Amino acid sequence: IATCMAFGKMLKKKAVLVGNCDGFVGNRMLAPYASQAATLLEEGATVEQIERVATNFGMAMGPMSLGDLVGQELFWKQRKAAGDMKKQTKAYMGPYDLPDWLFER
């Protein structure tokens, strides 16, 4: 572990030690971010409001723009392949109602 952390430092990267579970560390951070954005949308916030708040907070882009960039259907396909459409882990967090409705059409 020490060698890996030193290697990250040598590359001038931020090495992050995480536990063992499915999903990259970035996806584990993204899951709660996207989950809260979906909840806000379902509760009546507009996409523009959510994007503006995220970027005003300092994020490089809002969660909806990020979803468009990475492709939300990727996570839907992974849940479908796993046979667990309501999957809840560190890397997967609902609500899933809206994306499931969109991708099943």
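Fair warning: this is a prediction, and the values are worked out from it, not measured in the lab. If you read the sequence from its start, that first residue is 1, and numbering goes on from there. For the numbers below, each heavy atom of this structure counts, side chains included, while hydrogens, waters and symmetry mates do not.
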Worksheet item: Can you tell me how far the CE atom of Met10 sits from the CE atom of Met5, to the nearest 0.5 Å?
Response: 14.5 Å
Worksheet item: Roughly how far, to the nearest 0.5 Å, is the OG1 atom of Thr39 from the CD1 atom of Ile50?
Response: 9.5 Å
Practice prompt. Would you check if Lys13 and Phe7 make a side-chain contact, meaning some heavy-atom pair closer than 4.5 Å?
Written response: no
Discussion item. Please check this pair: side chain of Gln49 against backbone of Thr46, looking for a donor-acceptor N/O pair closer than 3.5 Å.
Written reply: yes
Practice prompt. Under the side chain to side chain donor-acceptor pair (under 3.5 Å) rule, collect the residues that match up with Ser65, sequence neighbours excluded.
Written response: Glu51
Worksheet item: Does Met59 share a hydrophobic cluster with Val53, counting links as ILVMFWY side-chain heavy atoms below 4.5 Å and allowing steps through other members?
Response: no
Worksheet item: How about Leu11: does its CG atom have over 12 heavy atoms from other parts shown lying under 6.0 Å from it?
Response: yes
Worksheet, complete the sentence: Shortest non-hydrogen pair, Ala54 vs Gly62, comes out as CB-CA, 3.9 Å
Item to complete: Identify the heavy atoms of Leu41 and Met64 that sit nearest to each other, and give their distance.
Response: CD2-CE, 4.0 Å
